[in-house]
Amino acid sequence: MASRRILSIIPYAVRPQFLRIAPACRIPSVRRAAPICLPQARYFSQPFTNNPKVYDFAEVKALTESPTPERVLIDVREPSEYTAGYIPGAINIPIASQPDALLLQPDEFEDRFGFDKPSKKAEVVFYCKAGIRSTAAAQIAVQEGYEKVGEYRGSWMDWVKQNGDC
């Protein structure tokens with residue numbers, strides 16, 4: 001803005017060569033438009049098309065007392081958290097450090113974790129410490145094509161609070 005003022009003071013004929021700007025080449029003033037308010041969208045996540053079944057303490061307790069191959073309880077906490085305590089019968093698939101675990105081929109999965117990959121027809125029930133990671137894991141399972149997905153939203157903290165077996 002100050003350079004325009006200076007240029008308007010100095011006559012065109014006596015301006016140095018580098019300051020000679022033809023009047024037709026001047027930059028037009030830019031008028032600012034009012035801000036456009038768009039609805040916020042979260043492009044990094046998608047809503048569930050198949051909402052997972054939400055389990056409570058009693059249902060998970062019953063699952064641990066009579067385990068079946070058709071229902072798999074999956075702890076998605078890190079291995080250090082898992083070794084500190086877990087729900088009996090649960091397998092550990094850490095979602096934070098191994099987010100691609102459910103996307104692996106069965107043989108790669110077994111090489112990495114040391115047990116068979118849960119079948120897509122089996123009911124998989126996820127839990128973590130407080131319910132955040134289990135929701136993410138359930139979403140990944142749904143997107144990967146698992147038909148029966150559940151989550152224990154109370155997770156490990158609720159299990160300990162309710163005096164579940166460790």
Side-chain angles (χ1 to χ4, degrees), residues 27-166:
I27 300 171
S29 63
V30 178
R31 184 179 282 180
R32 290 188 173 236
I36 299 172
C37 296
L38 298 174
Q40 292 184 357
R42 295 175 65 190
Y43 295 105
F44 56 87
S45 64
Q46 298 174 353
F48 282 125
T49 55
N50 179 13
N51 288 331
K53 179 181 175 185
V54 178
Y55 281 76
D56 62 4
F57 176 79
E59 291 171 314
V60 173
K61 181 92 168 151
L63 182 91
T64 61
E65 290 170 352
S66 58
T68 63
E70 294 85 33
R71 294 169 80 185
V72 182
L73 187 59
I74 302 173
D75 186 332
V76 295
R77 298 177 298 158
E78 292 302 307
S80 60
E81 295 173 283
Y82 180 77
T83 55
Y86 57 91
I87 297 175
I91 59 174
N92 182 233
I93 303 174
I95 196 71
S97 61
Q98 306 279 333
D100 64 336
L102 295 175
L103 310 175
L104 296 173
Q105 294 298 321
D107 55 339
E108 291 178 62
F109 184 92
E110 188 174 356
D111 288 344
R112 189 180 292 183
F113 295 103
F115 52 84
D116 291 335
K117 180 179 178 181
S119 167
K120 290 188 179 183
K121 295 187 187 274
E123 183 174 4
V124 290
V125 181
F126 297 98
Y127 80 93
C128 61
K129 183 178 178 185
I132 306 300
R133 292 174 281 184
S134 63
T135 301
Q139 186 173 4
I140 292 170
V142 167
Q143 290 175 352
E144 184 55 23
Y146 282 82
E147 297 171 4
K148 301 175 197 162
V149 178
E151 62 177 296
Y152 176 33
R153 290 193 180 151
S155 288
W156 178 248
M157 292 175 68
D158 184 53
W159 182 263
V160 171
K161 181 180 171 186
Q162 303 266 358
N163 295 323
D165 297 335
C166 297

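All residue numbers refer to positions in the sequence shown, counting from 1. In what follows, every heavy atom counts, from backbone to side chain, and hydrogens, waters and symmetry copies are set aside.
- The side-chain hydrogen bond (donor to acceptor under 3.5 Å, both in side chains) search around Y55 returns E123, not counting sequence neighbours.
- For D158, the side-chain contact (heavy atoms from CB on, under 4.5 Å) partners at least two apart in sequence or on another chain are F57, Y152, Q162.
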Next on the checklist: Applying side-chain contact (heavy atoms from CB on, under 4.5 Å) to E144 and K120, what does each step give before you reach the verdict?
Outcome noted: CA-CA 9 Å; E144 184 55 23; K120 290 188 179 183; 3.4 Å; yes
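- If you take CD1 on I140 and OH on Y146, they are separated by 11.0 Å, rounding to the nearest 0.5 Å.
- Here S155 contributes atom OG and I132 contributes atom CD1; the two are 8.5 Å apart, rounded to the nearest 0.5 Å.
- Residues T135 and E151 meet the side-chain proximity criterion, which asks for heavy atoms closer than 4.5 Å.
- Between atom NZ of residue K148 and atom NZ of residue K121 there is a gap of 9.0 Å, rounded to the nearest 0.5 Å.
- Annotation: side chain of C128 is not in contact with side chain of I95 (no heavy-atom distance under 4.5 Å).
- P118 and V124 make their closest contact through CB-CG1, 3.9 Å (heavy atoms, listed as atom of the first residue, atom of the second, distance).
- Across all non-hydrogen atoms, the minimal contact from I93 to A101 is CG2-CB, 3.4 Å.
- Contact detail for L104 and K117: the closest heavy-atom pair is O-NZ, 2.6 Å.
- A side-chain hydrogen bond (donor to acceptor under 3.5 Å, both in side chains) with D75 is found for exactly one of Y82, Y86, Y127, namely Y127.
- Of all heavy-atom pairs between G85 and W156, the closest is C-CH2, 3.5 Å.
- Residues passing the salt bridge (charged side-chain N to carboxylate O under 4.0 Å, His left out) test with E108: none are found, sequence neighbours excluded.
- In this structure, T83 contributes its side chain and S80 its backbone to a donor-acceptor pair below 3.5 Å.
- Under the 3.5 Å distance criterion, the side-chain polar atoms of E65 are left unmatched by any main-chain donor or acceptor of A62.
- Residues passing the side-chain hydrogen bond (donor to acceptor under 3.5 Å, both in side chains) test with T68: none are found, sequence neighbours excluded.
- Atom NZ of K61 has more than 12 neighbouring heavy atoms from other residues, nucleotides or ligands inside a 6.0 Å radius.
- Listed here is the closest heavy atom pair of A122 and P69: CB-O, 4.1 Å.
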Checklist entry - Can you list the steps and then say if F126 with V149 is a side-chain contact (heavy atoms from CB on, under 4.5 Å)? => result CA-CA 8 Å; F126 297 98; V149 178; 4.0 Å; yes
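- For the pair D116 (side chain) and E110 (backbone), a donor-acceptor distance under 3.5 Å is absent.
- The environment of L103 atom CG is dense: over 12 non-hydrogen atoms of other residues, nucleotides or ligands sit within 6.0 angstrom.
- Applying the salt bridge (Lys or Arg N to Asp or Glu O under 4.0 Å) rule to pairs touching residues 82-99 yields nothing, sequence neighbours excluded.
- Residues forming a side-chain hydrogen bond (donor to acceptor under 3.5 Å, both in side chains) with E81 (at least two apart in sequence, or on another chain): R133.
- Contact between P99 and S97 at its shortest, heavy atoms only, is CD-C, 3.4 Å.
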